[in-house]
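A short worksheet on the structure shown next.
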Amino acid sequence: MNRRATLTSVLTALLAVSLAACTTEPTAAQDDKPAVPAASRTASPEASGAPGGPAGGTALAEAIGQLKIAAEVAGGYDRKAFKHWNTGLDADDGCDTREEVLLAEAVKPPTKGSGCKLSSGEWLSYYDELTITDPGKLDIDHMVPLEEAWSSGAQDWDADRREAYANDVQAERSLVAVSFKTNRGKDRKDPAEWLPPAESAHCTYASDWTGTKLRWNLTADQAEVDTLLRLADGCPDTTVEFTPAS
């Protein structure tokens with residue numbers, strides 16, 4: 001079972017208890033910005049974990065120790081430097097990256113209309129343990145935000161690599177569908193500045209963040225690493241799986 005399926009099973013069990021009475025959805029009134037996008041992918045067991053590491057992944061604390069520590073580069077960021085959303089993993093399916101992610105992460109598959117217009121369906125926003133049934137009320141979060149990536153190494157990339165990063169449907173956890181409110185609250189912040197409001201999400205989030213930075217060979221500042229290591233102390237069974245981006 002891949003990590004997305006495992007996460008879905010865990011959150012489904014939690015929701016059965018905590019949301020039995022009613023399901024809460026974020027409303028568009030929380031933020032009038034348009035929603036953003038994501039997609040599904042699973043690394044092969046042979047390539048998972050740190051290069052040369054075990055197929056089951058690398059212990060979270062050990063993976064954090066592989067991050068290169070460096071101060072962030074200030075200034076120069078332009079969101080337009082990261083072209084998205086493109087045609088995604090399948091250029092012939094009529095869906096862009098956002099729509100491919102929504103299709104991949106749906107707990108209940110949405111209806112797919114003309115031009116890959118999605119309606120109905122059901123998603124679990126793991127940042128806040130919300131069930132969301134309107135795809136228009138979901139954002140696709142770049143696990144490591146574009147501006148954070150820029151300041152951690154992407155300022156030296158060419159346009160093609162930035163586009164590949166912004167539309168990374170090859171990795172299972174680079175892009176995730178989450179509620180408006182949590183994505184907008186996170187903004188460009190790293191774990192030293194923001195963590196998901198649901199404490200149950202912290203181990204997964206630390207793993208996803210670390211794996212994404214290692215996949216793309218991005219640096220981490222000291223405060224970021226210190227926070228990740230603190231989280232790892234409470235996540236003894238959490239592992240990190242990643243495939244270095246080509």
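All figures in this text were calculated on a predicted structure; none of them were measured in a lab. What you see below is based on every heavy atom in this structure, not just the backbone, and it leaves out hydrogens, waters and symmetry mates.
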Can a side-chain donor-acceptor contact be found between R188 and H142 if the only test is distance below 3.5 angstrom?
no

Can you confirm whether D208 sits close enough to Y126 that some side-chain heavy atom of one is under 4.5 Å from a side-chain heavy atom of the other?
yes

I'd like to check V176 versus Y127 (side-chain heavy atoms, cut-off strictly below 4.5 Å). Are they in contact?
yes

Are the side chain of S120 and the backbone N or O of P110 linked by a donor-acceptor pair below 3.5 Å?
no

Do D128 and K181 sit within salt-bridge range, that is, some charged N less than 4.0 Å from a carboxylate O?
no

Run the side chain to side chain donor-acceptor pair (under 3.5 Å) test against W157 and tell me which residues pass, sequence neighbours left out.
none

Return the OG1 to CD distance between T239 and E241, rounded to the nearest 0.5 Å.
5.0 Å

Return the set of residues passing salt bridge (Lys or Arg N to Asp or Glu O under 4.0 Å) with E122 (not counting sequence neighbours), or none when no residue passes.
K108

Please list all pairs passing the disulfide bond (SG atoms under 2.5 Å apart) test where one or both residues lie in residues 216-246, with sequence neighbours left out.
C203-C235

Taking every non-hydrogen atom, the tightest pair across T133 and P135:
O-CD, 3.7 Å

Quick one: closest heavy-atom pair of K186 and M143, and the distance?
NZ-O, 2.6 Å

Under the side chain to side chain contact (heavy atoms under 4.5 Å, CB included) rule, collect the residues that match up with S114, sequence neighbours excluded.
none

Please name all residues satisfying side chain to side chain donor-acceptor pair (under 3.5 Å) with N167, sequence neighbours left out, ordered by chain then number.
T97

Quick one, T212 and F242 - any side-chain contact, counting heavy atoms below 4.5 Å?
no

Does a side-chain heavy-atom distance below 4.5 Å link L67 with T210?
yes

If you measure from CG on L60 to CG on D233, what distance do you get to the nearest 0.5 Å?
9.5 Å

Are the side chain of D187 and the backbone N or O of K189 linked by a donor-acceptor pair below 3.5 Å?
no

Quick one: does W123's side chain have a donor or acceptor within less than 3.5 Å of a partner on L102's backbone?
yes

What residues, two or more places apart in sequence or in another chain, satisfy side chain to side chain contact (heavy atoms under 4.5 Å, CB included) together with D158?
D160, R161

Between side-chain atoms of residues 144-151 and protein atoms elsewhere (two or more places apart, or another chain), which donor-acceptor pairs fall under 3.5 Å?
{"residue": "E148", "atom": "OE2", "partner": "S152", "partner atom": "OG", "Å": "3.2"}
{"residue": "E148", "atom": "OE2", "partner": "K213", "partner atom": "NZ", "Å": "2.7"}
{"residue": "W150", "atom": "NE1", "partner": "G75", "partner atom": "O", "Å": "3.2"}
{"residue": "S151", "atom": "OG", "partner": "E147", "partner atom": "O", "Å": "3.4"}
{"residue": "S151", "atom": "OG", "partner": "E148", "partner atom": "O", "Å": "3.1"}

Closest contact, heavy atoms only, L231 versus A206:
CD1-CB, 4.0 Å

Tell me the closest heavy-atom pair linking I132 and S125, and the distance in Å.
CD1-CB, 4.2 Å

Using atom types as modelled and distance alone, determine if a side-chain donor or acceptor of H202 lies under 3.5 Å from a backbone N or O of L195.
no

According to the disulfide bond (SG atoms under 2.5 Å apart) rule, which pairs have a member within residues 81-196, sequence neighbours left out?
C95-C116

Keeping the roles fixed (side chain from E224, backbone from D221), state whether a donor-acceptor pair exists under 3.5 Å.
yes

Strictly by salt bridge (Lys or Arg N to Asp or Glu O under 4.0 Å), give each pair with a member in residues 60-71 just once, sequence neighbours left out.
none

Who are the side chain to side chain contact (heavy atoms under 4.5 Å, CB included) partners of D90, not counting sequence neighbours?
D92, D93, E100

Heavy-atom pair of closest approach, residues V240 and G211:
CG1-CA, 3.6 Å

Can you list everything that forms a side chain to side chain donor-acceptor pair (under 3.5 Å) with T182? Sequence neighbours excluded, please.
S179

Is any side-chain heavy atom of T219 less than 4.5 Å from a side-chain heavy atom of E72?
no

Do V225 and V73 belong to the same hydrophobic cluster, where Ile, Leu, Val, Met, Phe, Trp and Tyr are linked whenever their side-chain heavy atoms lie under 4.5 Å apart, directly or via other members?
no

Can you name the nearest heavy-atom pair linking L124 to V107, along with the distance?
CG-CG2, 3.6 Å

Can you check whether L218 reaches Y165 side chain to side chain, under 4.5 Å on heavy atoms?
yes

Does D96 offer a backbone N or O that forms a donor-acceptor pair with the side chain of E99 under 3.5 Å?
yes

Heavy-atom side-chain proximity of D141 to L175 below 4.5 angstrom
no

Please evaluate residues D168 and W216 with respect to the criterion side chain to side chain contact (heavy atoms under 4.5 Å, CB included), reporting the C-alpha separation (whole Å), side-chain torsions for both, the decisive distance (0.1 Å), and the verdict.
CA-CA 10 Å; D168 188 14; W216 290 93; 3.0 Å; yes

In chain order, what residues pass the ring-ring contact (aromatic ring centres under 6.0 Å, His included) check against F82, with sequence neighbours excluded?
none

Side chain to side chain contact (heavy atoms under 4.5 Å, CB included) with W209: which of D190, I64, T227?
D190

Any side-chain heavy atom of Q170 within less than 4.5 Å of one from R215?
yes

